[in-house]
Structure formats: C-alpha cells, structure tokens
Amino acid sequence: MNESEFIFKKKIQCDLVSEWTSPSNIALIKYWGKQDLQIPKNPSISLTLSNCRTQTRLTVSPIKKYKKKISFDLFFDGNLKPEFNKKVEQFFFRISKYVPFVFDNHFKIETKNFFPHSSGIASSASAFSSMALTIVSLERKFNDDMNDEQFYKKSSFLSRLGSGSASRSIFGKIALWGESEFFSKSSNLYSIPLVEKINPIFNDLNNTVLIVDDQVKEKSSSYGHDLMNSNPFSFQRYEQAKNNIGRIKKVFKNGDLDEFIQIVESEALTLHGLMMSSNPYYLLLKPNSVEIIRRVWDYRREYKYPVCFSLDAGSNIHLLYPSRYKKVIKEFITNELLNFCKDKKYIDDYMGSGPEKIK
Ligand code: PMV
C-alpha cells in the first residue's frame, strides 16, 4: 500500500465519541535512527505489552467556522495539560493530509495512563497509538470501504507520525515495522503483525520492568535519533539490525532461547553503545542498571534459567522470560534485584493481545 492510499478526503462533521486503550511495547530489535517523517533507517521488532497502556477518549463536535487550525483540548488524568499541546498539535498537523476532517471538528481528548505512578515510564507508543485508533475509528464510521485490515494498517500508519514505535503497538504479541528482506509484506510506512510460525515458547513471555530511576528521562528519543545522522557507526548499525531481523525470525520459528537471549541483550547494549558513541556523547544507564545486568548474567550462568534483559532509551531494566519460570525469577527479583530499584519499584507485565476498543 502506498502513502496516497491512506488519504480520506470526505468531509466529516459530527458529534461522536470514540475511545480506545492501547499498550506500550518493548523492542527486541531496536529502531534508532530515522529520516524524513518518521521513516526508520532499519526495521525493528517488538513485543506488545499488556498492563502498560493508555486510554484515550475522543469527543468530537463540529466547528462552526473553518480555519486551518486544529481545535482541541487535551486532558490528562482529568486535568487540562497545555504542556502536551505542542506534541499533539504537531501530530494532528502531520496526520491532517490523510484525515483532513481534523480541521472541521473540535476534539476533546481525554487520556489516562495505566502505568504505575512515578515509574519514569511515559510511553509515546501507547499514547499516540491510542489517539490514532480513535481518529481512524471516526473515519471508519463514514468510510464504508474500510475493512479490518485497512483499519489497523491506517491506525499504524498514523501512529507512526506521532512516534515511530507507536506504529508497532497497534498489533498484539509481536510486530515488525520497517522494510525487511525477510518479510515480504513489511513496510516503512506501517507495522505488520508477526503471526505465522511463532514457536509456542514465545506465546507467554513475561516482562518485568525494574525501575532504577523514576524520573522522566533526561534525553528524548528524537534527540538520540537525530544524533545517528552523524554517528560514525550508523551504517554498520543499520546493517546489523537488518541482519538481526533475519536471525530473530529463525529463532521465532525454532524456539532457540539461547540465541534469543544473545540477540535481545546485544540489541539493548548496542542501543546504549550508540548513545555513548554519538556526538555529543551521553549515557543513560545508571550504576544500578549495570549492577542488575551483571547479576542477571551471574544468575543465568549459575541457574541456567532463560532470563535476559532489554533496555529502552532510559536506565530501567526490562527482564524477559517465559512465564513458566515466573516463580523462580520472581524470587530472584525480590531477593536480589529489587535492592537496586528506586524504592524497590517494579512493574509486572507480559506480552499482550494489543489495543482494545471501548466505544
Ligand atoms: O518511537 P520513538 O521515537 O520514541 O523511538 C523509540 C526508540 C526505542 O524505544 C529506543 C527503540 C524502539 O524500537 O522502540
């Protein structure tokens, strides 16, 4: 599907409510580096989470006088949040080419996050994907030609314009975003769900997020993506990521957990290595992040349980393990790892089935 096929020109003015919840995701193969309007420099793959999600309610009402301006009020947890207006307005402008009816209506946007308070996790993936879903739901009420597949594709396409990783949250379990020689239906414009040939061992992955630092991260992802344009290792990195897509595809089929761990941890450390080799260089890991990583390695060496870590662009540690090991890994977390977490905070999450429509 090409970009122009996402344009829906019909004029819509209505009084309607549309509401969705959408989850966050954790990338196994990381997206780090982009060009133009959120076109990734390499394909990425993520696990869609379940508990960490955003709920967005969009109340639409017609505006009387047309102006080339987006009219909206944004509420977060029941309060007006003008500090988020700039990002939301930018998102609406970007998507307006494909859903021009955004100029003809006023939007009351009410969002709430189901992340534990002060966890330092503010997910643009869940926020923008839930917002995109409410908008495309609105379009669908007036677009009889849109089937389910097109609905999710367009939601992923619009989510991408808010935040690249948001495009993956539209699909449950495992999603791929970005063109890859290993997946014929892959695209830079939207994500696709990876449903075929997934070994059952990956059906019930747990993700425990160990909160090392509960403050909002020091550097935005956009800042990091931009620095990839001058990073001396960027070309090699994009090649490595492309290649890792092929490696993990095999792993998804054969269930080789050792290889899975190798790929996931290497991707996490590479992401942070890229930050450290950027100009200006920076470092988001904290001493306690490194301590936890070392302890995960020691534990795995000693007990041979298939637990590994991943990292986002922050200092918190995402532990990944099949749920059949939940009991022992929970003991390890409680007895050892929580000592290195801020106020012993953690979030238990697992691979989930994706967004849900509420209204
Ligand atoms: O979607 P963005 O622009 O917030 O970038 C996400 C970057 C990482 O979370 C570090 C990696 C990824 O693929 O999700």
Side-chain angles (χ1 to χ4, degrees), residues 22-49 52 54 84 87-88 90-91 94 115 120-132 156-171 174-180 186 188-192 194 207 209 216-229 231 234 237-238 240-242 244-245 248 263-278 282-285 289 309-318 320 349 351:
S22 186
S24 183
N25 65 71
I26 175 75
L28 305 176
I29 310 297
K30 309 287 182 185
Y31 148 59
W32 201 240
K34 62 179 171 184
Q35 60 201 357
D36 307 327
L37 250 191
Q38 320 272 64
I39 297 296
K41 290 280 199 176
N42 65 261
S44 57
I45 286 185
S46 58
L47 294 184
T48 304
L49 299 178
C52 292
T54 302
F84 293 158
K87 275 203 140 180
V88 172
Q90 183 191 52
F91 172 63
R94 284 181 182 174
F115 302 157
I121 296 196
S123 171
S124 57
S126 57
F128 284 112
S129 56
S130 62
M131 224 178 278
S156 176
F157 174 85
L158 295 189
S159 302
R160 186 194 102 240
L161 298 171
S163 137
S165 56
S167 70
R168 298 186 308 241
S169 279
I170 296 298
F171 301 102
I174 304 171
L176 162 79
W177 170 45
E179 266 167 37
S180 164
S186 60
N188 280 340
L189 300 179
Y190 48 81
S191 299
I192 57 168
L194 296 192
N207 174 30
V209 191
V216 175
K217 57 190 178 190
E218 301 152 35
K219 300 278 182 214
S220 70
S221 297
S222 303
Y223 176 82
H225 288 296
D226 284 349
L227 290 179
M228 282 300 281
N229 293 324
N231 188 301
S234 55
R237 161 58 193 159
Y238 302 141
Q240 178 199 40
K242 287 174 194 164
N244 279 347
I245 297 279
I248 208 159
I263 298 169
V264 169
E265 292 190 345
S266 159
E267 278 286 319
L269 292 177
T270 299
L271 171 69
H272 285 258
L274 290 165
M275 296 172 198
M276 292 180 224
S277 55
S278 288
Y282 65 111
L283 180 63
L284 297 183
L285 294 178
S289 322
F309 68 85
S310 185
L311 297 158
D312 255 335
S315 59
N316 296 329
I317 305 283
H318 289 248
L320 294 167
D349 211 340
M351 197 162 107

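In this text, all values refer to a predicted model and were calculated from it rather than measured experimentally. In listed order, ligands and their atoms are each counted from 1.
Using a 4.0 Å cutoff on heavy atoms, Gln38 does not count as a contact of ligand 1.
In summary, the atoms of ligand 1 found under 4.0 Å from a heavy atom of Gly164, numbered by their order in the structure, are 1 (O). Interface of Ala27 with ligand 1, defined as ligand atoms under 4.0 Å from a residue heavy atom, comprises 12 (C), 13 (O), 14 (O). Of all atoms in ligand 1, numbered sequentially from 1 with element shown, those under 4.0 Å from a heavy atom of Ser221 are 2 (P), 3 (O), 4 (O), 5 (O). Applying the 4.0 Å criterion to heavy atoms of Ser124 picks out, from ligand 1, the atoms 4 (O). Residue-ligand proximity, Asp312 to ligand 1, at heavy-atom distances under 4.0 Å covers atoms 9 (O).
Here the closest heavy-atom approach between residue Ser169 and residue Ser24 is recorded as OG-C, 3.8 Å. Contact between Tyr282 and Tyr223 at its shortest, heavy atoms only, is CE2-CE2, 3.9 Å.
Ser277 and Asn231 are linked by a side-chain donor-acceptor pair at a separation below 3.5 angstrom, with hydrogens and angles left out of the test.
Considering only non-hydrogen protein atoms, atom 3 (O) of ligand 1 sits nearest to His225 NE2, 3.1 Å. Shortest contact from atom 8 (C) of ligand 1 to any protein heavy atom: Tyr31 O, 4.0 Å. Of all protein heavy atoms, the one lying nearest to atom 1 (O) of ligand 1 is Ser165 OG, 2.7 Å.
The shortest N or O to N or O distance between Trp32 and ligand 1 is not below 3.5 Å. Distances between N or O atoms of Ser163 and those of ligand 1 include at least one value under 3.5 Å.
In Arg168, the part holding a heavy atom less than 4.0 Å from any atom of ligand 1 is the side chain.
Aromatic ring orientation, His225 versus Trp32: tilted (interplanar angle from 30° to 60°).
Without hydrogens or angle criteria, Asn188 side chain to Glu179 main chain gives a donor-acceptor distance under 3.5 Å. Side chain of Ser156 to backbone of Ser167: a donor-acceptor contact under 3.5 angstrom is found.
Both tests hold for Arg160 against Phe157: distance to the six-membered ring centre under 6.0 Å, angle to the ring axis within 45°.
Under the side chain to side chain contact (heavy atoms under 4.5 Å, CB included) test applied with Glu267, the options Ile29, Leu311, Ile248, Ile45 reduce to a single match, Ile29.
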